[in-house]
Asker: 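For reference, the structure I am asking about is given below.
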Amino acid sequence: MAERGDKQKMLDRRYLRMAMVWAENSYCVRRKVGALVVKDKMIISDGYNGTPSGFENICEDDNNVTKPYVLHAEANAITKLARSSNNSDGATLYVTASPCIECAKLIIQAGIKRVVYGEQYRLEDGINLLRRANIDVKYININTNEPE
């Protein structure tokens, strides 16, 4: 059984690194965030933070404040599933930063059962809501890539 746990840790680190690479697609300057939805060892959706389709790819205003309509990486990945034949029941979400409370609500409603994230955010209300919904939440330090 320990072997299975080690394999899951290895997969968690690998998918989180892939989410970090995916974050590089973001046009946001202040923070680039990437997300992958994985089910049965297959990536079924991906997302990064940015403006809605058809909008200019500028996330911040002239004062370097994030525009209110910028979508978070998790929201992009989850809503992308709505346009596909996949569903996220029982899936794992890998995201480079801890989910906010708004994204946590989407994660719960999408049926995602695990969330692995790589950077702590100053607010923990999203993580607390996920735990309250009995979602398995795991933090892996993005800098050391070791589980905390």
Asker: Using the rule that two of Ile, Leu, Val, Met, Phe, Trp, Tyr join whenever any of their side-chain heavy atoms come within less than 4.5 Å, decide whether Val70 and Ile101 are in one cluster.
Answerer: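 Val70 does not cluster with Ile101.
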Asker: From Arg13 CZ over to Tyr94 OH, what is the distance, rounded to the nearest 0.5 angstrom?
Answerer: 11.5 Å
Asker: Sort and list the pairs that fulfil salt bridge (charged side-chain N to carboxylate O under 4.0 Å, His left out) and have at least one residue in residues 36-53, not counting sequence neighbours.
Answerer: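 Residue pairs passing salt bridge (charged side-chain N to carboxylate O under 4.0 Å, His left out), neighbours aside: Asp46-Lys80.
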Asker: Indicate yes or no for a side-chain donor-acceptor contact from Lys32 to the backbone of Cys28 under 3.5 Å, with no hydrogens or angles considered.
Answerer: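 Present.
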Asker: Can we say Asp12 and Arg114 salt-bridge, meaning some charged N sits less than 4.0 Å from an Asp/Glu carboxylate O?
Answerer: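 Arg114 and Asp12: salt-bridged.
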Asker: Are Asn76 and Tyr48 side-chain neighbours, meaning at least one heavy-atom pair lies under 4.5 Å?
Answerer: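 Heavy-atom side-chain distance check fails, nothing below 4.5 Å.
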Asker: Roughly how far, to the nearest 0.5 Å, is CD1 of Ile108 from CG of Asn134?
Answerer: 10.0 Å
Asker: With the side chain counted from C-beta on, respond yes when Thr92 and Val37 share a heavy-atom pair under 4.5 Å apart, and no when they do not.
Answerer: no
Asker: Is a donor on one side and an acceptor on the other found under 3.5 Å between the side chain of Ser98 and the backbone of Tyr121?
Answerer: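 It does hold such a pair.
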Asker: Begin with the C-alpha distance, continue with both residues' side-chain angles, and end with the deciding distance and a verdict on side chain to side chain contact (heavy atoms under 4.5 Å, CB included) for Tyr117 and Leu16.
Answerer: CA-CA 7 Å; Tyr117 67 99; Leu16 190 56; 5.7 Å; no
Asker: I would like to know whether Ile58 and Tyr27 meet side chain to side chain contact (heavy atoms under 4.5 Å, CB included); could you show each step before the answer?
Answerer: CA-CA 6 Å; Ile58 301 169; Tyr27 288 91; over 6 Å; no
Asker: Any heavy-atom pair between the side chains of Arg131 and Ile127 that's under 4.5 Å?
Answerer: yes
Asker: Decide, yes or no, whether a salt bridge links Arg31 with Glu119 under the criterion of side-chain N to carboxylate O below 4.0 Å.
Answerer: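 Answer for the salt bridge query: yes.
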Asker: Is any side-chain heavy atom of Tyr69 closer than 4.5 Å to a side-chain heavy atom of Thr51?
Answerer: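 Touching, per the 4.5 Å side-chain cut-off.
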Asker: What heavy-atom pair brings Gly50 and Cys59 nearest, and what distance separates the two atoms?
Answerer: CA-SG, 3.9 Å
Asker: Does the side chain of Asn87 reach to within under 4.5 Å of the side chain of Leu81, using non-hydrogen atoms?
Answerer: no
Asker: Would you call Lys105 and Leu129 a side-chain contact if the rule is heavy atoms closer than 4.5 Å?
Answerer: yes
Asker: Evaluate the side-chain proximity of Leu71 to Thr79: yes if any heavy-atom separation is below 4.5 Å, no if none is.
Answerer: no
Asker: Hey, could you give me the CG/CZ distance between Leu130 and Arg132, rounded to the nearest 0.5 Å?
Answerer: 12.0 Å
Asker: Judged by atom type as modelled, is there a donor-acceptor pair below 3.5 Å linking the side chain of Ser88 to the main-chain atoms of Ala110?
Answerer: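 Yes: the side chain of Ser88 pairs with the backbone of Ala110.
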Asker: Of the non-hydrogen atoms in Ala104 and Pro99, which two are nearest, and what is the gap between them?
Answerer: N-CB, 4.4 Å
Asker: What is the distance from atom OH of Tyr139 to atom CD of Gln120, rounded to the nearest 0.5 Å?
Answerer: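 Interatomic distance, Tyr139 OH to Gln120 CD, rounded to 0.5 Å: 5.0 Å.
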Asker: Please report the shortest heavy-atom distance between Ala77 and Ser45, naming the atom on each side.
Answerer: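 What the structure gives for the nearest pair is O-OG, 2.6 Å.
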Asker: Where the side chain of Asn49 meets the backbone of Ala73, is there a donor-acceptor pair that is under 3.5 Å apart?
Answerer: no
Asker: Do the side chains of Leu106 and Glu74 get nearer than 4.5 Å, heavy atoms only?
Answerer: no
Asker: Between the side chains of Lys67 and Glu56, is the shortest nitrogen-to-carboxylate-oxygen separation below 4.0 Å, so that they form an ion pair?
Answerer: yes
Asker: Should Trp22 and Ile43 be counted in the same cluster of Ile, Leu, Val, Met, Phe, Trp and Tyr side chains packed under 4.5 Å apart?
Answerer: no
Asker: Would you give the length of the straight line joining atom CD of Gln8 to atom CE of Met10, rounded to the nearest 0.5 angstrom?
Answerer: 9.0 Å
Asker: Could you tell me which non-hydrogen atom of Leu36 sits nearest to which non-hydrogen atom of Tyr15, and how far apart they are?
Answerer: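 The pair with the smallest heavy-atom distance is CD1-O, 3.6 Å.
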Asker: Please check if Val21 and Val95 belong to a single hydrophobic cluster, counting links between Ile, Leu, Val, Met, Phe, Trp and Tyr side chain heavy atoms closer than 4.5 Å.
Answerer: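 Different hydrophobic clusters.
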Asker: Test side chain to side chain contact (heavy atoms under 4.5 Å, CB included) on Glu60 and Val65; report intermediate values, then the result.
Answerer: CA-CA 5 Å; Glu60 294 85 11; Val65 175; over 6 Å; no
Asker: Go through the steps to decide whether Ile107 and Leu93 satisfy the test side chain to side chain contact (heavy atoms under 4.5 Å, CB included), and finish with yes or no.
Answerer: CA-CA 8 Å; Ile107 291 163; Leu93 173 75; 3.5 Å; yes
Asker: Could you tell me whether the side chain of Thr96 and the main chain of Gly34 form a donor-acceptor pair under 3.5 Å?
Answerer: yes
